[in-house]
Participant: 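One structure follows; several queries about it will come next.
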Amino acid sequence: MGMKIYNSLSRRLEDFEPLTPEQVTIYSCGPTVYDYIHIGNARTALVTDIIRRYLVYKGYNVKLVQNLTDIDDKIIKRAGELDISTEQLAHQNGEAFFEDSQRLGIQPADVHPKATEHIREMIDLIQILIDKGAAYVIDGSVYYRVNAFASYGKLSNRKPEDLLAGARVEIDERKEDPRDFDMWKAAKPGEPSWDSPWGKGRPGWHIECSAMAMKHLGETIDIHAGGEDLRFPHHENEIAQSELATGVPFARYWMHVAFLKIDGQRMGKSEKNFILLRDALDHYPTEVIRHFLISAHYRHPLDYNQESLTKSEGALRRLSNCLDALKQYDTEVGLNERTDSPLQHAVEKMKTQFTQAMDTDFNTAQALGTIFTLVGEVNKVLSSRHEVENSVFAEAYQALSETCQVLGIYNTEAQNSNGNIEAKLEPLVELLLEFRQDARNRKDWETSDKIRDRLIELNIEIKDTREGTTWKIVS
RNA sequence: GGUGGCGUAGCCAAGUGGUAAGGCCAGGGCCUGCAAAGCUCUUAUUCGUCGGUUCGAUUCCGACCGCCACCUCCA
């Protein structure tokens with residue numbers, strides 16, 4: 001069954017076919033490292049992460065490139081305020097970005113190119129555009145001549161006159177056309193700069209993505225992703241630069257992630273109402289934040305607020321309770337007993353529907369629905385005490401943990417590390433449970449409840465079930 | 001002014017030309033010494049409003065109302 005992706009360029013759902021079968025190249029616009037990343041940046045990064053995980057799940061060989069913009073106006077300004085070098089600022093925030101991403105369970109890209117390490121490539125690209133008559137030099141700066149690219153505006157669906165009518169930007173009188181944008185900025189005194197054929201300066205923002213994407217992924221990439229605000233002008237300009245230089249399509253599928261709002265307001269660095277990813281991670285577990293961020297489709301706005309996060313916490317609890325209950329059957333897999341139970345059908349159905357949901361433009365909200373439907377089925381069987389082959393529970397566990405790992409909402413490594421601690425604590429906890437059981441047998445509820453209460457204070461939760469008392473570490 | 005999007009139960013959120021996934025919260029019941037977890041029942045005859053097309057529309061078309069994003073650095 002084929003995948004479909006909504007392509008911002010055609011504004012339609014399209015069948016997904018990578019340029020090279022089995023291989024997918026993805027370029028994701030990364031952060032400008034002048035500050036920590038906020039939860040909105042994280043949404044885009046997370047969507048990219050899940051796209052990649054799902055493509056790998058489907059059997060594709062994926063190469064993901066995500067850049068770091070480590071030189072621009074904001075970095076120069078912030079470094080000045082902090083009285084440190086731009087290199088130092090960019091380095092610090094770059095490291096922090098990797099740390100925060102990792103905490104959110106985002107796997108590192110295959111390549112994380114930095115703008116300042118690709119000056120040569122950018123200069124070469126600019127030179128090509130000058131040679132082709134698509135750029136001109138004024139006072140050491142190089143501008144892209146928008147009129148040279150006939151299909152300028154195709155991504156953002158804008159006609160030339162539209163771009164001028166509502167322009168709120170101050171017009172630089174030196175430019176031939178107000179829409180022209182700089183690819184190389186002549187250095188101002190005291191600013192970091194690099195040598196170029198046009199004098200000392202630094203690259204413009206758009207040229208870096210064109211140059212780095214082409215260097216690491218080739219002239220045509222499969223998927224280019226970013227926040228919806230990058231559609232214009234950033235991605236429009238990337239297309240103009242790249243396609244005029246190479247004569248081939250720059251990206252086959254353009255994906256734009258909708259904004260994260262906060263308490264109903266647009267979250268943005270200029271609005272100063274953003275929440276840092278690291279602060280969110282201090283308050284909620286990784287899986288809860290991921291669940292929240294994928295609870296709506298990526299092309300729909302999502303509102304960050306405490307209530308929504310609390311809901312995700314509840315949903316995650318339901319999921320992990322089920323997974324915990326199933327986990328003991330995991331070793332039963334491989335017996336390959338063909339049973340014909342309703343639960344087995346539910347497992348198969350869930351796998352199919354999960355794939356269908358994700359195949360349709362990565363509909364994570366729907367995919368979550370299929371997972372939780374199976375959770376309900378499993379719980380029903382678990383509580384009904386009907387005889388079910390353990391291998392079916394094992395299959396259910398496999399299916400759930402596999403799909404949850406595609407979404408990154410079930411961390412088996414954390415489970416294992418908890419498991420190690422549990423193994424060490426087991427004799428001790430069992431001893432306490434023995435005392436508690438004695439108390440219960442005496443109907444000494446005061447003592448038995450005290451043991452339970454004290455244990456929960458130590459993050460050990462116990463439950464009295466029909467099969468006896470169970471315990472686990474909770475956080 | 002231009003471009004695009006959204007409006008589904010108390011809340012969040014999928015979805016379809018044939019009669020509404022899932023989650024959270026709430027209430028009743030089962031289980032239980034209690035608790036937790038789980039199960040179970042209840043919660044939109046209805047998908048912003050008004051028209052049109054259709055045997056039939058929440059889903060297609062039109063108008064209107066409301067909200068939002070981009071057009072400027074921002075994921």
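The shown structure was predicted, so the numbers you read here are calculated from the model rather than taken from an experiment. Throughout, a chain's letter reflects where its sequence line sits, starting with A, and its residues are numbered from 1.
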Participant: Heavy atoms under 4.0 Å, any strand shown: does K463(A) hit a base, just sugar-phosphate, or nothing?
Facilitator: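 Base, at least one base heavy atom under 4.0 Å.
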Participant: Using a cut-off of 4.0 Å on non-hydrogen atoms, how would the nucleic acid contact of L260(A) be classed: base, sugar-phosphate, or nothing?
Facilitator: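 It contacts base atoms.
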Participant: By nearest nucleotide on RNA chain B, pick out whichever of H234(A) and N305(A) is the more 5' one.
Facilitator: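 Checking each residue's closest nucleotide, the 5'-ward one belongs to N305(A).
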Participant: Across the strands shown, which category fits S448(A) at heavy-atom distances under 4.0 angstrom: base, sugar-phosphate, nothing?
Facilitator: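 It contacts base atoms.
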Participant: Where do F16(A) and Y253(A) land on the ring-ring contact (aromatic ring centres under 6.0 Å, His included) test, with the steps shown first?
Facilitator: CA-CA 8 Å; F16(A) 176 65; Y253(A) 302 88; 5.1 Å; yes
Participant: What is the distance, to the nearest angstrom, from the CD atom on E377(A) to the P atom on G38(B)?
Facilitator: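 Interatomic distance, CD of E377(A) to P of G38(B): 15 Å.
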Participant: How would you label the contact of A225(A) with the nucleic acid (heavy atoms, under 4.0 Å): base, sugar-phosphate, or nothing?
Facilitator: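 Answer is nothing: A225(A) stays at 4.0 Å or more from every strand.
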Participant: Counting only Watson-Crick or G-U wobble pairs whose two distances fall under 3.5 Å, which nucleotide matches A13(B)?
Facilitator: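 Because no pair has both required distances under 3.5 Å, A13(B) counts as unpaired.
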Participant: At under 4.0 Å between heavy atoms, what does E313(A) touch on the DNA or RNA strands: base, sugar-phosphate, or nothing?
Facilitator: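 No contact.
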Participant: Take the protein atom CG of D444(A) and the nucleotide atom C1' of G33(B), then report the distance between them rounded to whole Å.
Facilitator: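 It works out to 12 Å between those atoms.
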Participant: Could you check whether R78(A) gets within reach of a base, just the sugar-phosphate, or nothing at all, counting any heavy atom under 4.0 Å?
Facilitator: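 Nothing: the residue R78(A), judged by heavy atoms under 4.0 Å, touches no strand.
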Participant: If the threshold is 4.0 Å, N to carboxylate O, is there a salt bridge linking K4(A) and D361(A)?
Facilitator: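 D361(A) and K4(A): not salt-bridged.
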Participant: Base, sugar-phosphate alone, or nothing: which one does D73(A) contact when heavy atoms must sit under 4.0 Å apart?
Facilitator: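 Answer is nothing: D73(A) stays at 4.0 Å or more from every strand.
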Participant: Start with the C-alpha gap between E99(A) and R103(A), add the side-chain angles, then the distance that decides, and say whether salt bridge (charged side-chain N to carboxylate O under 4.0 Å, His left out) holds.
Facilitator: CA-CA 6 Å; E99(A) 187 185 310; R103(A) 283 179 70 192; 5.2 Å; no
Participant: Starting from P on C68(B), measure out to OH on Y304(A) and report it in whole angstrom.
Facilitator: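 Distance check: Y304(A) OH to C68(B) P gives 22 Å.
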Participant: Give the rounded distance in Å between these two atoms: CG of L9(A) and C1' of G4(B).
Facilitator: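 Taking CG of L9(A) and C1' of G4(B), I get 15 Å after rounding.
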Participant: Donor-acceptor pair under 3.5 Å: do we get one between K311(A)'s side chain and the base of C25(B)?
Facilitator: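 By the distance-only test, no, there is no pair.
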Participant: Can you find a donor-acceptor N/O pair under 3.5 angstrom joining the side chain of R440(A) to the base of G33(B)?
Facilitator: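 Donor-acceptor pair under 3.5 Å: yes.
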Participant: Is any side-chain N or O of R266(A) under 3.5 Å from a base N or O of A69(B), one able to act as donor and the other as acceptor?
Facilitator: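 Such a pair does not exist between side chain and base.
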Participant: Classify the nucleic acid contact of S383(A) as base, sugar-phosphate or nothing, counting any heavy atom under 4.0 Å across all strands shown.
Facilitator: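 Touches sugar-phosphate only.
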Participant: Looking only at the side chains, is there a donor atom on one of T69(A) and E208(A) sitting less than 3.5 Å from an acceptor on the other?
Facilitator: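 Side-chain D/A pair, T69(A) to E208(A): present.
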Participant: Would you check if F149(A) and Y144(A) make a side-chain contact, meaning some heavy-atom pair closer than 4.5 Å?
Facilitator: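 Side chain of F149(A) against side chain of Y144(A), heavy atoms only: contact under 4.5 Å found.
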Participant: Which part of the nucleic acid, if any, lies within contact of G40(A), taking any heavy atom under 4.0 Å across all strands shown: a base, the sugar-phosphate backbone alone, or nothing?
Facilitator: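 Base, at least one base atom sits under 4.0 Å.
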Participant: How is A296(A) classified with respect to the nucleic acid when contacts are heavy atoms under 4.0 Å: base, sugar-phosphate, or nothing?
Facilitator: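 Touches sugar-phosphate only.
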Participant: Describe the nucleic acid contact of N363(A) in one word from base, sugar-phosphate, nothing, applying a heavy-atom distance below 4.0 Å.
Facilitator: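 Sugar-phosphate contact only - N363(A) comes under 4.0 Å of backbone atoms but never of a base.
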Participant: Would one find a side-chain N or O of K159(A) under 4.0 angstrom from OP1 or OP2 of G2(B)?
Facilitator: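 No.
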Participant: Out of G4(B), C70(B), G23(B), which nucleotide sits closest to the side chain of A315(A)?
Facilitator: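 Of the candidates, G23(B) comes closest.
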Participant: Check whether any side-chain N or O of N157(A) sits under 4.0 Å from OP1 or OP2 of U3(B), and answer yes or no.
Facilitator: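 False: N157(A) side-chain N/O out of range (4.0 Å or more) of U3(B) OP1/OP2.
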Participant: Can you tell me how far P of G33(B) sits from CG of D449(A), to the nearest Å?
Facilitator: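 D449(A) atom CG is separated from G33(B) atom P by 12 Å.
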Participant: Taking CD from E236(A) and C1' from G4(B), how many angstroms apart are they, rounded to a whole number?
Facilitator: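 Taking CD of E236(A) and C1' of G4(B), I get 14 Å after rounding.
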Participant: Closest heavy-atom contact between R53(A) and Q107(A)?
Facilitator: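 In terms of heavy atoms, the two residues are closest at CZ-NE2, 3.8 Å.
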Participant: Determine whether any donor atom in the side chain of D464(A) lies under 3.5 Å from an acceptor atom in the base of C34(B), or the reverse, and answer yes or no.
Facilitator: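 Yes.
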Participant: Does A75(B) have F259(A) stacked on its base, where the ring centres are within less than 5.5 Å and the planes differ by under 30°?
Facilitator: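 No, F259(A) does not stack on the base of A75(B).
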Participant: Base of C24(B), side chain of R318(A) - is there a donor-acceptor contact under 3.5 Å?
Facilitator: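 Under the 3.5 Å cut-off, the side chain and the base do not form any donor-acceptor pair.
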Participant: What is the distance, to the nearest angstrom, from the CG atom on L407(A) to the P atom on G23(B)?
Facilitator: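 The answer, rounded to whole Å, is 16 Å.
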Participant: Classify N379(A) by what it touches in the nucleic acid, base, sugar-phosphate, or nothing, heavy-atom distance under 4.0 Å.
Facilitator: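 Here N379(A) touches the backbone only, sparing every base.
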Participant: From CZ of F372(A) over to P of A13(B), roughly how many Å is that when rounded to an integer?
Facilitator: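 Distance check: F372(A) CZ to A13(B) P gives 16 Å.
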Participant: Does I462(A) reach a base, just sugar-phosphate, or nothing at all? Heavy atoms under 4.0 Å.
Facilitator: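 The residue I462(A) makes base contact.
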Participant: Do the charged groups of K327(A) and D330(A) touch, with an N to O distance under 4.0 Å?
Facilitator: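 D330(A) and K327(A): not salt-bridged.
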Participant: Hey, is the side chain of H38(A) pairing donor to acceptor with the base of A75(B) inside 3.5 Å?
Facilitator: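 It does, because a donor-acceptor pair links the side chain of H38(A) to the base of A75(B) below 3.5 Å.
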Participant: When we call it a touch if two heavy atoms are under 4.0 Å apart, what does R317(A) touch: a base, just sugar-phosphate, or nothing?
Facilitator: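 No contact at all - R317(A) keeps every heavy atom at 4.0 Å or more from the nucleic acid.
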Participant: Would you mind telling me which residue lines up with the more 5' stretch of RNA chain B, G30(A) or Y298(A), judged by nearest nucleotide?
Facilitator: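 Its nucleotide being nearer the 5' end, the pick is Y298(A).
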